[in-house]
There are 2 protein chains.
Amino acid sequence: MKAKSDALRKRTRKNGPEAEGGTTTRLPHAERKAQILEIASDFFADYGLTAQTRRLAEECGISQRLLYRFFPTKEDLVAEVYRKEIVGAFKAVWFVELQDRSRSMEDRLSHFYEDYTEQTLTRKWLRLFMYASLSESSMAPDYISSIITQLLEVIMSETAAECGVELPDDRDVIREMGWTLHGAISHYAIRRHLYHASQAVPLKRVVKIQVRLFLNGFADMVQSAAEETG
Amino acid sequence: MKAKSDALRKRTRKNGPEAEGGTTTRLPHAERKAQILEIASDFFADYGLTAQTRRLAEECGISQRLLYRFFPTKEDLVAEVYRKEIVGAFKAVWFVELQDRSRSMEDRLSHFYEDYTEQTLTRKWLRLFMYASLSESSMAPDYISSIITQLLEVIMSETAAECGVELPDDRDVIREMGWTLHGAISHYAIRRHLYHASQAVPLKRVVKIQVRLFLNGFADMVQSAAEETG
DNA sequence: TTCCAAAGTCGTCAATTGACGACAATTTGA
DNA sequence: TCAAATTGTCGTCAATTGACGACTTTGGAA
């Protein structure tokens, strides 16, 4: 039953598959896995979650077969990329800073959204998130949405406190009001990184415009919403 | 009628490709092509621009080969779907209505964004547009962006007229201010149809919140922008 | 009825693509 | 020094997938 053990005794006659750049150095398990995940996140962000394992392996400078020593299936690999790059992109410190009442709300919001846009709403993050959203398998949308929900509620209650207004009871409406600012900023990042538009006005100025508009209309918006409910 | 019974007699020899529903009736060229485009737009919106021609053909109730009687390549088919569904989704009447100064700006904006969200920012439109944006081939983004640019400028100048303020010279900044509203509404549609979130508050109310916030903060936003420039 | 152009299908090819068994090369430790 | 463990590659399989040549079916005009 050992048919071809002798027949296929071949050496690597030609040069390795990676002529340029990457010398295939041997790496311990954990390191190689980390390297694959690192490269894979850029790779899938660029070419979509359906991009081929062969090209990814090539980009890593390793054989395609080796990928399967670390991840049982391609789907597992994609899921790990998603967990690391998407879910892991939220900083807990933002929640703390947004509730630091020694600073003005305009200051807190401006700084937060500048940071958030630069660090989380990157091209890579947005593309991965969008590819994942479009694929039926909703990787882990609940976790994301619960983070954003919390964020919106913190922003709304902090702003209400500074403005001296009381929020209505309906939490869906509260969140929707928070989305006026958060959605506008998110959409700015989307059209910048996904639509390749809106490059003219620098981030700081955009954030300032958005935050100002939000704060100026805040009291009125909350009051309208409260009246509407009754 | 005779024709009908004939049609029923006519069964493909074995199990026809479509057992349920679609009888493979012979259609003239133009009709069949229109039918394919119609089904293809839903199909590609659901499964992405990389979805397979065989499944599309199955959904149309025709053989895969027949697709190539109408479209030289799959790419051409996708491009036609894009042109029909994405570019063709903007109504010229919106521009007229937005400039009807017999109505209040709040009224005009509310009605426009309700219409626009319901008729253009649909699940199908958003998914097709996003798939196209993510693929490197930027189908026709210039056309879209020029429409939106015009729209933003109309909204900004009409609102400025009603509020009795003067817009700054920098058209990039003017557009960015228009994006505060347009982006927030667009993002509402995105999270509703692409992220499957934000279903709780009905469209009318969301539009009202967004439009109110925009109009309340408008004069202040424009003034801040004008000061900033100098 | 006859004939033909249009409408439609079958079967296949070549290139991809996820997955994996078998084997080779290198490191490690006693 | 040598054998086990670890790291890595080769080659291949089966299923997909875009594309298309060759063929069959159909309806209407002469």
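In what follows, chains carry the letters A, B, and so on, assigned in the order in which the sequence lines appear, proteins first and then strands, with residues in each chain numbered from 1.
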- Query: Between C:dG18, C:dA7, D:dT7, which one does the side chain of A:R26 approach most closely?
  - Reply: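 Ranking C:dG18, C:dA7, D:dT7 by closest atom to the A:R26 side chain puts D:dT7 first.
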Nearest whole Å is fine: how far is [N] [atom2] from [X] [atom1]?
X     : N      : atom1 : atom2 : value
B:L66 : D:dT24 : CG    : C1'   : 14 Å
B:F44 : D:dT17 : CZ    : C1'   : 13 Å
B:K74 : D:dT16 : NZ    : C1'   : 12 Å
B:F70 : C:dA7  : CZ    : P     : 7 Å
A:E31 : D:dT6  : CD    : C1'   : 14 Å
B:R55 : D:dA19 : CZ    : C1'   : 17 Å
B:K33 : C:dG8  : NZ    : C1'   : 17 Å
B:Q64 : D:dG18 : CD    : P     : 7 Å

- Would you call A:L56 and A:L77 a side-chain contact if the rule is heavy atoms closer than 4.5 Å?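 A:L56 reaches A:L77 side chain to side chain.
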- Determine whether B:E58 and B:F43 make a side-chain contact, defined as any pair of heavy atoms from C-beta on separated by less than 4.5 Å.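 Heavy-atom side-chain distance check fails, nothing below 4.5 Å.
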- Between A:Y82 and A:F44, does the ring centre distance come in under 6.0 Å?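 When the ring centroids of A:Y82 and A:F44 are compared, they turn out to be at least 6.0 Å apart.
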- Specify whether A:H182 and A:W179 have parallel, tilted or perpendicular ring planes, treating 30° as the upper limit for parallel and 60° as the lower limit for perpendicular.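 If you compare the ring of A:H182 with that of A:W179, the planes turn out perpendicular.
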Is [X] close enough to [N] that one of its side-chain N or O atoms is under 4.0 Å from OP1 or OP2 there?
X     : N      : result
B:R32 : C:dG8  : yes
B:T53 : D:dT17 : no
B:Q52 : D:dT16 : no
A:Y68 : C:dC20 : no

- Contact class for A:A51 (heavy atom, under 4.0 Å): base, sugar-phosphate, or nothing?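 A:A51: backbone/sugar contact only, no base atoms under 4.0 Å.
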Any donor-acceptor pair under 3.5 Å joining the side chain of [X] to the base of [N]?
X     : N      : answer
B:R69 : C:dG8  : yes
A:R65 : C:dG21 : yes
A:R54 : C:dG18 : yes

- DNA chain D: B:P72 or A:L27, which has the more 5' nearest nucleotide?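 First, find each residue's nearest nucleotide; the 5'-ward one identifies A:L27.
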- Message: salt bridge (charged side-chain N to carboxylate O under 4.0 Å, His left out), that's the test. Do A:E176 and B:R192 meet it? Break it down for me.
- Response: CA-CA 12 Å; A:E176 208 54 51; B:R192 187 174 184 124; over 6 Å; no
